[in-house]
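Input: a single structure, listed below in structure tokens.
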Amino acid sequence: MKDFRELAVKAAKEAGDILRENLGKIKRIDYKGRVSLVTDIDRKAEERIISLIKERYPSHDILTEERRIKEKGSQYKWIIDPLDGTTNYVHGYPRYCVSIALEKNGEVIKGVVYDPVPDELFLAEKGKGATLNGRRISVSKINKLDKSLLATGFPYDRRERADEYLRIYREFMVNSQGVRRDGAAALNLCYTANGRFDGFWEERLAPWDVAAGSLIVSEAGGRVTDFKGDKLDIYEKEILASNGKIHREMGEILAKIIKKSP
Ligand code: IPD
Ligand code: CA
Ligand code: CA
């Protein structure tokens, strides 16, 4: 188990170094959709992580954002986002990270999120708590939505479904101290885990966006569910994460707006 953790940390740090060293040196940008980008640096960081995993655990499965790797049927699956926050990265906005999780028989048991800019490494192991640079972290104690600071993101179909996303955003905006939207879901989850944010919601994320961060929130004492408050399925497209204390209020807002949506 220690080996898994050490490898995840090594891979996240090496990939993070690649991101930091190459900021401003992007050679190629491809469009996966109208507002969804991938760069040569996403791919370079991803290759580094994959080669470290393959070298150490050749029989493990790997699910990674920018490459399809044939499944081997292993009980272990590494879930990788080599660069969460690509749009920020392309624009030189220093809010991005590497996210690596390890699933065993369908359950996430390790999660590492590394932000190379402030050199912050968030780590969680199932049943063992969560840390930031080796120090234990826990969620905030804010117990009213009205006093909370929230985070969210707008999915890649935002041009088509802007009104729907803005209705939800508006309701949280007028019922909290503020809502931050800074383009890196994995970091939003980690900031919820260590109390910088009190809650986070987003739709249409992928497993690599949330696998590590959701374990980090729950191991820091928070709650992570779908919008209805049911157990999170990282392969489904909704996530509601919070310090637990404002979870019901957040869920009520989501239910109210979604019910009213045309
Ligand atoms: C994106 C970021 C963003 C979220 C998008 C994600 P990427 O990941 O996490 O915050 O709003 O939905 O896809 O594409 O930069 O890895
Ligand atoms: Ca991502
Ligand atoms: Ca990515």
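Just so it is clear, the model here is predicted, and its values are computed rather than measured. Order of appearance sets the numbers: ligands from 1, and atoms from 1 within every ligand.
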key: Rounded distance [0.5 Å steps], CG in D17 versus CG in N22   =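 Between atom CG of D17 and atom CG of N22 there are 10.5 Å.
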
The Ca ion (ligand 2) to nearest N/O/S of D84 below 3.0 Å =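 Given the 3.0 Å cut-off, D84 counts as a ligand of the Ca ion (ligand 2).
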
Residue-level breakdown please: for [X] versus ligand 1, do any non-hydrogen atoms fall below 4.0 Å on the side chain, on the backbone, on both, or on neither?
| X | answer |
| --- | --- |
| L205 | side chain |
| Y96 | neither |
| D81 | side chain |
| D209 | side chain |
| A206 | neither |

Heavy-atom proximity to atom 3 (C) of ligand 1, best of A186, G183, G85, G153 =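 It is G183 whose heavy atom sits nearest to atom 3 (C) of ligand 1.
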
request  = Return the option from E65, E202, K32 holding the heavy atom at the smallest distance from atom 4 (C) of ligand 1.
outcome  =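 Shortest heavy-atom distance from atom 4 (C) of ligand 1: E202.
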
ask   = Ion pair present between K256 and E171, side-chain N to carboxylate O less than 4.0 angstrom?
value =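 Salt bridge: yes.
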
The Ca ion (ligand 2) - closest N/O/S atom in D209 =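 Within D209, restricted to N, O or S, the Ca ion (ligand 2) is closest to atom OD1.
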
key: Identity and separation of the nearest protein heavy atom to atom 8 (O) of ligand 1   =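 The closest one turns out to be D84 OD1, 3.0 Å.
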
request  = Specify the protein heavy atom at minimum distance from atom 13 (O) of ligand 1: its residue, its atom name, and the distance to 0.1 Å.
outcome  =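 Minimum-distance protein heavy atom for atom 13 (O) of ligand 1 reads Y156 CE1, 3.0 Å.
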
Greater than 12 external heavy atoms within 6.0 Å of K144's NZ =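 Counting other residues, nucleotides and ligands, NZ of K144 stays at 12 neighbours or fewer.
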
Heavy atoms of other groups near R20 CZ, more than 12 under 6.0 Å =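 Count over threshold, so yes.
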
ask   = Given the side-chain rings of Y57 and F4, with only the six-membered ring counted for Trp, is the space between their centroids under 6.0 Å?
value =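 Judged by ring-centre distance (under 6.0 Å), Y57 and F4 do meet the cut-off.
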
message = Please check this pair: side chain of N133 against backbone of L121, looking for a donor-acceptor N/O pair closer than 3.5 Å.
response =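 Yes.
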
query = Is a side-chain donor-acceptor pair under 3.5 Å present for D42 with T86?
reply =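 Yes.
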
ask   = Do N105 and Y76 have a side chain donor and acceptor closer than 3.5 Å?
value =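 There is no such pair (donor and acceptor under 3.5 Å, judged by atom type) between the side chains of N105 and Y76.
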
query = Any idea which N/O/S atom from D81 gets closest to the Ca ion (ligand 3)?
reply =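 Within D81, restricted to N, O or S, the Ca ion (ligand 3) is closest to atom OD1.
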
